[in-house]
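Okay, so here's the structure we're looking at.
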Amino acid sequence: MDVVIGQLLTGMSTGSILLLAALGLSLVFGQMGVINMAHGEFIMAGSYTAFVTQQVLGTAGVSLPVALVTGFAVGGLLGVALEATLIRRLYHRPLDTLLVTFGVGMVLQQLARDVFGAPAVNVTAPQWLVGGVELFGTVVPKTRVFILVLATLCVLALTAVLRYTAMGRRIRAVVGNRDLAETAGISSRRTDLTTFFIGSGLAGVAGVALTLIGSTSPTTGQSYVIDAFLVVVAGGLGQLKGAVIAAFALGSLQSFFEYSTTASLAKVGVFLVIVIFLQLRPQGLFSLKTRSLA
Amino acid sequence: MKLSSAVRTAAAAIALSLVLASCGSRAGDPSAAGATSCVDTSGDEIKVGSLNSLSGTMAISEVTVRDSIKLAVKEINADGGVLGMRLRIVAEDGASEPTVFAEKAGKLIRDDCVAAVFGGWTSASRKAMLPVFEDNNALLYYPVQYEGLESSENIFYSGATTNQQIVPALDYLRERGVKSLFLLGSDYVFPRTANEVIKAYAKANGIEIKGEEYTPLGSTDFSTIGNKIRKADADAVFNTLNGDSNVAFFREYSNVGLSAKDMPVMSVSIAEEEIGGIGVKNIEGQLVSWNYYQTLDSADNSAFVAAFKEEYGAKRVTSDAMEAAYTSVYLWKASAEKAKSFDVDDVRKAAAGVSFDAPEGTVTIDGENNHISKTARIGEIRSDGLIYTVWESDGPIKPDPYLKSYDWAEGLAR
C-alpha cells in the first residue's frame, strides 16, 4: 500500500514538473500554432537567471523568490524578441517555425556555453528547502513539494488572467478564431506578443524551479522539452485543463511503470500509451469547439 | 512523367554515390596498402589533431580535455618541440556525435595529414573512430577510462581500463565490509558492461546485488529510483551514471535523506569539474575511483596544476581525463623520440615500454595491449569540492583490458 502512495506522490511530483515545463508551450502552441522548439532553451535561460541572481544576491533564501520574478521577465523578453524578429514573418508556415525555432534553440545553447562555460553550474537551494518531508512512509524532497505548489500557483494565476482580465479575453478570442477576433477589432498582433511574453515567461519560471532538482547547464532545457511536447499534444492544443490532466496522468504513469519495470522501459511504456491514446483521440484530451476550419 | 523523372533522379544519385565511394576508397587505399602516410615532415612544424566535442551534450567534459591537450602542446613547443619540430594543433569538433567523430577523424588523417590524433570520450565515439584509424593506419590517443574488452594497434588508451578502476573500487568496498550493492547506471554500453564485471566479481566474492537500474542518458528524474534505493537498503551504491544525470541523482539522494554515512555511493564518472555543478553539499563524503586527483601530492602534479591554472584561470580544476590527455601527448612525444621518426609504424613499434613521469605518477605503455600501467586511487569528496585519496594501490597496475588475470571474469570477454 505504501508503495502505491509513494509512487502516487512521486507521480504528482513528476507531473508538476512536466506541467511547469509545458504550461507556456501549451499557451503559445494553442494560440498561434507555433511549435516553439526553443522553449527548452527559454527554460535553460530561466535556470541561468537563477544562477546569476544567486551570484549577485549571495543568499539562496532571497535569490529564489527574486529569480522567479526575473526569470519570468528574462524568458518573456526572449520570447518577445523571437516573436518580433522571426516568428511573425512565418505565421501560417508551421513547419518553418519549427525549423527556425530549433535553430534559435541551438544558438541559445551555444551562447550559454560561451558565456557560462560547458560544465554545469550549481544553484544552491535555500535552507528551508533542504531535506524532505515524510508522507505516508515515503520521503518527498521539500524541493519537489515546492515545485508542486509553484506549478499549482502558475496554473491558477494563468487561469485567472485568461478568465477575468480583458487581456485574457482577447487571448482566448484569438485562440478561438483568429480572423473573427480581428474582425471584432482585436489587434491579433499585440495579443500574439502578449501571449508569447507570458508563455515564454512561464518557461523562465520553470527554469528557475528546475534548478532545485536538476542540473543547470547549456543542455538543461533538452531534458524537459520533449516531455513538455507530449503533455501539450496529449492534453489538446492550447487547452490549459488538458495540459494539467495530461501532465499528472503522464507523471503517474511514468512513476508506476518505472517502479514495476525499469526507467528505460517506463519511457517506452509511456510513449506506447500516448501513441494508442492519440489513435483513439487525435485531438488530445480536450479540443476547442470552433467553427474555423483550421 | 513524374515517375520517370524520379527514376532518373534516383539513378543519378546512385551513380554519384558510386563515384564518390570509389573516390573515398582511392583516398584510403595507399595507406591501407602500407604506403607512407601524407604526414609532412619537410618543414619545421608538424601537425597533430585534437578531436573533442566542443558542442553538444558531451562538451561539458570534452572541452576540458581539449584545454589540457593544448597546454601539453604549448609546453612541448616551449621546450623545443618533438625531434626539433614545433607542434601545431588542428582542432576539430566531434559535436557529441559518433558519426561526426568518424568523419572528422578521417579529415584529420587524410586532409590535414596529422601525425597523431588526441581525443574522444564516449565509447560510442571511440568505436566509431576505430575503423577509420585502422583503415588509414593512423594513431589515436584516447584519454578516458572505459569498459575495457578492447585493444587496437592504432589506439593508445591512456585512461584506466576495468582492472585499474572498477576492480580496485570493488576491492576497496569489500575491505570496508560492504556485503551488498545497488547498481545504478545510464543506459548505454559503459554502465552495462561495467555492471557485468561487477556482477561477476560480486558472485565470486559473496556480495549480494540488491538492485540494478538504468536510466536513459540525460534523464533527470530520480524520484522513483530514490524510492527503490531506499527500499533495497544495500550497503553501498555503485554509480555508473554519466553527465548531467549525476546532478539530479545526488540532489535527490541527499534530499530524501540518504547520505555517505548510511549508504555510500561509489562513482566512476564524477571528477573534479562535475562536483561544482552537483553542489558540494549534496555529494560531500561520497567516494569515487580514478587514477588521478588534483590534490595528489607530488612535484609533477604541482607543476601541472599550476601550469593549468596559469593558462586557464585559478578557478579551473584538473581531473583524471584531463591529466590522461595531457600525459598522452607526452607519451606520443617520448615514443616518437625513441623511434626518431614520426612514422606511425615506427612510433607504434617504439611505444612498448615507453614511460613518462606524469602528474599521476610514472606511467608506462604496455606493448601487449597499448594501454598504460596506472596507479588506482579511491578518493573521497570533501567540503572544498576537491577529491582526496583515501586508498591507493601499491604501485602502477598492469593494464588487463580483457580481465584475463581474474578467474571470476572468465566468459566476460567474448
Side-chain angles (χ1 to χ4, degrees), chain A residues 2-3 6-7 9-14 17-18 106 109-110 113 117-125 129-134 137-144 210-220 222-224 227 251 254-268, chain B residues 53-64 66 96 184 186-188 211-228 230-231 243-258 272-282 315-317 319 385:
Chain A
D2 59 334
V3 168
Q7 286 316 107
L9 289 171
T10 303
M12 292 276 285
S13 151
T14 309
I17 291 163
L18 285 179
M106 286 169 73
Q109 261 184 46
Q110 194 57 43
R113 201 169 281 129
V121 295
N122 177 36
V123 182
T124 324
L129 282 179
V130 171
V133 279
E134 186 136 356
T138 325
V139 179
V140 184
K142 285 182 194 165
T143 47
R144 286 174 173 270
L210 292 174
T211 59
L212 296 171
I213 53 164
S215 71
T216 303
S217 68
T219 46
T220 294
Q222 296 201 316
S223 329
Y224 302 100
D227 289 337
Q254 168 83 25
S255 83
F256 278 102
F257 272 158
E258 196 175 328
Y259 197 86
S260 43
T261 61
T262 67
S264 302
L265 269 182
K267 206 95 198 161
V268 177
Chain B
S53 296
L54 309 179
S55 58
T57 176
M58 291 309 299
I60 179 172
S61 309
E62 296 189 43
V63 167
T64 66
R66 193 263 328 251
S96 309
L184 171 64
S186 296
D187 207 350
Y188 76 109
E212 182 180 355
E213 289 288 330
Y214 298 94
T215 66
L217 207 58
S219 162
T220 51
D221 196 335
F222 285 89
S223 42
T224 300
I225 300 242
N227 291 349
K228 283 188 179 178
R230 276 170 62 85
K231 260 219 149 64
D244 284 357
S245 292
N246 277 305
V247 180
F249 168 65
F250 277 102
R251 290 191 168 199
E252 186 80 26
Y253 202 74
S254 81
N255 276 336
V256 296
L258 291 166
E272 282 83 348
E273 323 105 52
E274 281 90 18
I275 294 170
I278 293 168
V280 181
K281 258 194 240 155
N282 298 315
K315 272 195 171 168
R316 292 286 297 269
V317 288
S319 71

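Each chain gets a letter, A, B and so on, in the order its sequence line appears, and its residues count up from 1.
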Determine the option with the most heavy-atom pairs under 4.5 angstrom with chain B, choosing from [options].
| options | result |
| --- | --- |
| A:Ala120, A:Ser215, A:Pro218, A:Ala125 | A:Ser215 |
| A:Ala266, A:Gly132, A:Gly117, A:Gly214 | A:Gly214 |
| A:Leu129, A:Val139, A:Leu9 | A:Val139 |

Roughly how far apart are A:Thr10 OG1 and B:Asp221 CG, rounded to 0.5 Å? 8.0 Å
Interatomic spacing from CG in B:Leu54 to CD in A:Gln110 - rounded to 0.5 Å: 8.5 Å
For [X], which atoms come within 4.5 Å of any heavy atom of chain B: side chain, backbone, both, or neither?
| X | value |
| --- | --- |
| A:Thr216 | neither |
| A:Ser13 | neither |
| A:Leu212 | backbone |
| A:Tyr224 | side chain |

Tell me whether A:Lys142 contacts the main-chain N or O of B:Asn255 through its side chain, where contact means a donor paired with an acceptor under 3.5 Å.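 The answer is no, because no donor-acceptor pair under 3.5 Å joins these two groups.
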Do any N or O atoms from the side chain of B:Arg251 and from the backbone of A:Thr211 form a donor-acceptor pair under 3.5 angstrom? yes
Between B:Lys228 and A:Glu258, does any NZ, NE, NH1 or NH2 come within less than 4.0 Å of an OD or OE carboxylate oxygen? no
Please classify the contact of B:Phe222 with chain A as side chain, backbone, both or neither, using a heavy-atom distance under 4.5 Å. backbone
Where does B:Ile275 contact chain A at under 4.5 Å (heavy atoms): side chain, backbone, both or neither? neither
Taking C-beta and beyond as the side chain, do A:Thr14 and B:Ser223 meet within less than 4.5 Å on heavy atoms? yes
When only pairs under 4.5 Å are counted, which of B:Ser254, B:Gly218, B:Gly276, B:Ser219 shares the most heavy-atom pairs with chain A? B:Gly276
Is there a donor in the side chain of A:Ser223 and an acceptor in the side chain of B:Asp244, or the other way round, less than 3.5 Å apart? no
Closest heavy-atom pair and its distance - A:Ala263, B:Glu213: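 Heavy atoms only, the tightest pair is N-OE1, 4.1 Å.
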